[in-house]
Amino acid sequence: MEHRRRSKIADLLKSKDFGIELLVKGWVRTKREKKNFAFIELNDGSTVKSIQIFADYFVLEKNLFSQNTLDNSLDPESYNTIINYLKPVTTGSCIAVKGILVESVGQGQSVEIRANHIEIYGTADPESYPLQKKGHGLEFLREIAHLRPRTNTFGAVLRIRHAMAFAIHKYFNDNGFYYIHTPIITGSDAEGAGAMFRVTTLDDRNPPLLPDGHLDYTQDFFGKETKLTVSGQLEAELGAMALSLVYTFGPTFRAENSNTPRHLAEFWMIEPEMAFYDINDNMDLAEDFVKYLMQYALDHCPDDLEFLNKMYDNELIDRLKGVVSSRFKRLTYTQAIEILQASGQTFEFPVDWGADLQAEHERYLVEKHFGKPVILTDYPRDIKAFYMKQNPDGKTVRGMDVLFPKIGEIIGGSQREENLDALRNRIHEMNIPEKDVWWYLDTRKFGTAPHAGFGLGFERLILFVTGMANIRDVIPFPRTPKNAEF
RNA sequence: UCCUCCUUAGCUCAGUUGGUUAGAGCAUCUGACUGUUAAUCAGAGGGUCGCAAGUUCAAGUCUUGCAGGGGGAGCCA
């Protein structure tokens, strides 16, 4: 088959260019064979929808094998030739089709392609190809993550994931933010966001040891102990102290033994950091940002959202629209405690000022009491990180958590402590060695500025936007405890 | 890491108080069919019942251990 620009199925399904020969390439979802022709559903990933190929055996045999014949019917030998040629066109195989776009004679689709030529790029043995034209369970698909992008569900999820990544960059770019690349390998273990993966090139059989038996990291690649980052925040703050508005968007690693539908060991996080923002500016940005992303999905991914709405979560689109049109409820931790204590609900965990809110408490506030996203602020200082801005009351800090229905905490952030003495005191109280964060303290020593920022878990955003229930189904190749396949 | 449930054909599942040769739908294969669309119709093949041990005349079924998975909790994004 001659080389020619292929048409995308997404474009053809909306096209009215009937009668023109064109070229499509893609993967076969199913083939329905009849005596003299077959229907092939072809998908190229440009849309969740497939296009129907009408494959007339007489036309194909004439074009592919016996172009000089003038007969208008197939003799038995020619019939067998074309049947055998099309035999390997099965679910999962990859083909190129040259044909004419026509209005469909049959019901169920408006356009289809009458095939003139079919070239088979790659077969998929039906006896061993794991995907069938029937739907599969998500748990089974996780075991074949290398093939699951070929399903309608993961096609939709991956396209939405792409659209959200693009929209994040667009939002920040349009609002004057600069994308800053913070390191993935870090020598700092003061990020305080959980257990870290070690990065080393030391010989695992005969590592250099110190007299006390610990590894001698001075002989390691970087000459010191290094880990995979758990957050780009501290470095993003350095950028904000020069460019004013910055954000990071990169992979993040947590070596926690978390086995839940909301946690990954490797995930992507977006962390804007803004000079001259206080906690209220921070909340305004967070709310505007996530609403923008949901509106972007509604505007740019209607087919995929409709598919997911129909197959997995028939309240999905309504929920997205609801978030976009709602005003997030903002209240302090102390107010939340009062509401919970006055609720009359019996919780498994007690509600006491000073203790962190449990998932059941957050769920009550978001899903029962307010019925919309909630932003909680001003948490007790003892349950929050060292860098959060301390309030004058001496008891609380200007942290904020954005809580969403179904998925819980989607954003965590704070106004940062910009006062050098206050920050240094907090570091000492929490036994963080000053020598590990001297560069961070320098931002407060030289031209310090009030500033704020937050972290958005990308996969949790995708969970909410797609209506998927398990975070392992919104990232192509999930890394979780005991699972790093593919 | 804790609690709890699950593991039977390629997939989704049924399998009674322990009792002959372990079933269904879909998928696959063979055939039929002039417009199908989760096509339909007829027929066929397909099983170490997660692994290991134990109880019993007899275990898919009961017990214990291990592995893998789901849900909930904690940690957090």
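Quick caveat: nothing in here was measured; it's all calculated off a predicted structure. Just the heavy atoms: all of them, side chains too, but no hydrogens, waters or symmetry mates, feed the values below.
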Let's see if you can work this out: which of [options] has an atom nearest to the side-chain heavy atoms of [X]?
X: A/Q132; options: B/rA77, B/rC26, B/rG35; answer: B/rC26
X: A/Q109; options: B/rU28, B/rG35, B/rC11; answer: B/rG35
X: A/L264; options: B/rC75, B/rA77, B/rU36; answer: B/rA77

Please classify the nucleic acid contact of [X] as base, sugar-phosphate, or nothing, using heavy-atom distances under 4.0 Å.
X: A/A38; value: nothing
X: A/E360; value: nothing
X: A/F39; value: base
X: A/Y129; value: nothing
X: A/E266; value: nothing
X: A/T91; value: nothing

Quickly work out the [X] [atom1] to [N] [atom2] distance and round it to whole Å.
X: A/F347; N: B/rA73; atom1: CZ; atom2: C1'; result: 16 Å
X: A/L357; N: B/rC76; atom1: CG; atom2: P; result: 12 Å
X: A/I40; N: B/rU36; atom1: CD1; atom2: C1'; result: 12 Å
X: A/R254; N: B/rG74; atom1: CZ; atom2: C1'; result: 15 Å
X: A/D125; N: B/rA27; atom1: CG; atom2: P; result: 17 Å
X: A/L131; N: B/rC11; atom1: CG; atom2: P; result: 11 Å
X: A/D56; N: B/rU34; atom1: CG; atom2: P; result: 13 Å
X: A/Q358; N: B/rC76; atom1: CD; atom2: P; result: 11 Å

Side-chain atoms of residues 355-366 of chain A: list all donor-acceptor pairs with protein atoms under 3.5 Å, sequence neighbours left out, distances to 0.1 Å.
{"from": "A/E360", "atom 1": "OE1", "to": "A/E348", "atom 2": "N", "distance (Å)": "3.0"}
{"from": "A/E360", "atom 1": "OE2", "to": "A/E348", "atom 2": "N", "distance (Å)": "3.1"}
{"from": "A/E360", "atom 1": "OE2", "to": "A/F349", "atom 2": "N", "distance (Å)": "2.7"}
{"from": "A/H361", "atom 1": "ND1", "to": "A/Q358", "atom 2": "N", "distance (Å)": "3.0"}
{"from": "A/H361", "atom 1": "NE2", "to": "A/F349", "atom 2": "O", "distance (Å)": "3.1"}

Exercise for review: Assign the ring pair A/H146 / A/F486 to parallel, tilted or perpendicular, where the plane angle (0 to 90°) is split at 30° and 60°.
Suggested key: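 It falls in the parallel class, under 30°.
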Exercise for review: Evaluate the ring planes of A/F464 and A/F404, with Trp represented by its six-membered ring, and classify them as parallel (under 30°), tilted (30 to 60°) or perpendicular (over 60°).
Suggested key: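 Answer is perpendicular, since the angle exceeds 60°.
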Practice item. For B/rA38, take OP1 and OP2 only and decide whether either is under 4.0 Å from a side-chain N or O of A/K133. Key: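 The answer is no; no side-chain N or O of A/K133 sits under 4.0 Å from OP1 or OP2.
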Can you tell me how far [atom1] in [N] sits from the matching atom in [M], rounded to whole Å?
N: B/rC13; M: B/rA27; atom1: C1'; result: 14 Å
N: B/rU1; M: B/rC76; atom1: C1'; result: 15 Å
N: B/rU34; M: B/rG71; atom1: P; result: 49 Å
N: B/rG35; M: B/rG46; atom1: P; result: 34 Å
N: B/rG60; M: B/rU8; atom1: C1'; result: 7 Å
N: B/rA22; M: B/rU40; atom1: P; result: 29 Å
N: B/rU7; M: B/rU63; atom1: P; result: 13 Å
N: B/rC57; M: B/rG47; atom1: P; result: 32 Å

Distance alone, cut at 3.5 Å: any donor-acceptor contact between the side chains of [X] and [Y]?
X: A/K133; Y: A/T30; value: yes
X: A/N116; Y: A/E21; value: yes
X: A/Y277; Y: A/D284; value: no
X: A/E61; Y: A/T81; value: no

Check your understanding: Does the distance from a Lys or Arg side-chain N to an Asp or Glu carboxylate O, for A/D313 and A/R319, drop under 4.0 Å?
Key -> yes
Review point. Name the one of A/V474, A/T151, A/I475, A/L463 that satisfies side-chain contact (heavy atoms from CB on, under 4.5 Å) with A/V157?
Key: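 Checked A/V474, A/T151, A/I475, A/L463 against A/V157; only one passes side-chain contact (heavy atoms from CB on, under 4.5 Å): A/V474.
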Check your understanding: Would A/F458 pass as stacked on B/rA77, i.e. its ring centre under 5.5 Å from the base's six-membered ring centre and planes under 30° apart?
Key ->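 No, A/F458 does not stack on the base of B/rA77.
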Practice item. Decide, applying a 5.5 Å centre-distance limit and a 30° plane-angle limit (both strict), whether A/F54 stacks on B/rG35. Key: yes
Check your understanding: Within a reach of under 6.0 Å around OH of A/Y178, are more than 12 heavy atoms found that belong to other residues, nucleotides or ligands?
Key ->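 Check fails, neighbour count at 12 or below.
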Using only heavy-atom distances, decide whether a donor-acceptor pair under 3.5 angstrom links the side-chain of [X] to the base of [N].
X: A/R460; N: B/rC76; answer: yes
X: A/S258; N: B/rC75; answer: yes
X: A/E33; N: B/rU36; answer: no
X: A/H263; N: B/rC76; answer: yes

Point to revise | Contact state string [nucleotides 42-47 of chain B, B base, S sugar-phosphate only, - no protein heavy atom under 4.0 Å] | key: ------
**Study point:** Pair A/F289 + A/F172: ring centers closer than 6.0 Å
**Key:**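 Yes, the ring centres sit under 6.0 Å apart.
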Review point. Do A/F65 and A/Y85 have their ring centres less than 6.0 Å from each other?
Key: yes
Exercise for review: Provide the full list of side-chain hydrogen bond (donor to acceptor under 3.5 Å, both in side chains) pairs with a residue in residues 468-486 of chain A, sequence neighbours left out, each pair given once.
Suggested key: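 Applying side-chain hydrogen bond (donor to acceptor under 3.5 Å, both in side chains) to every pair that reaches into residues 468-486 of chain A, excluding sequence neighbours, yields A/R142-A/D473, A/R148-A/D473.
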Exercise for review: Using both pair distances under 3.5 Å as the test, note the stems of at least 3 consecutive Watson-Crick or G-U pairs that include RNA chain B.
Suggested key: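 Looking at RNA chain B, the stems formed by three or more consecutive pairs are B:1-7 with B:67-73, B:10-13 with B:23-26, B:28-32 with B:40-44, B:50-54 with B:62-66.
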Under-3.5 Å N/O pairs linking protein and nucleotides 66-72 of chain B:
{"from": "B/rG70", "atom 1": "OP1", "to": "A/R142", "atom 2": "NH1", "distance (Å)": "2.7"}
{"from": "B/rG70", "atom 1": "OP1", "to": "A/R472", "atom 2": "NH1", "distance (Å)": "2.8"}
{"from": "B/rG70", "atom 1": "OP2", "to": "A/R472", "atom 2": "NH1", "distance (Å)": "3.3"}
{"from": "B/rG71", "atom 1": "OP1", "to": "A/N470", "atom 2": "ND2", "distance (Å)": "3.3"}
{"from": "B/rG71", "atom 1": "OP2", "to": "A/N470", "atom 2": "ND2", "distance (Å)": "3.4"}

Check your understanding: How would you list, by chain and number, every residue that makes a side-chain contact (heavy atoms from CB on, under 4.5 Å) with A/T377, sequence neighbours excluded?
Key -> A/I279, A/M283, A/T332, A/I375, A/M400
Point to revise | Residue mapping more 5' on RNA chain B - nearest nucleotide basis, A/G137 or A/F37 | key: A/G137
Exercise for review: Would you kindly compare A/A359 and A/G455 by the position of their nearest RNA chain B nucleotide and give the one closer to the 5′ end?
Suggested key: A/A359
Review point. Centre of A/Y57's six-membered ring, under 6.0 Å away, within 45 degrees of the axis: is that where NZ or CZ of A/K34 sits?
Key: no
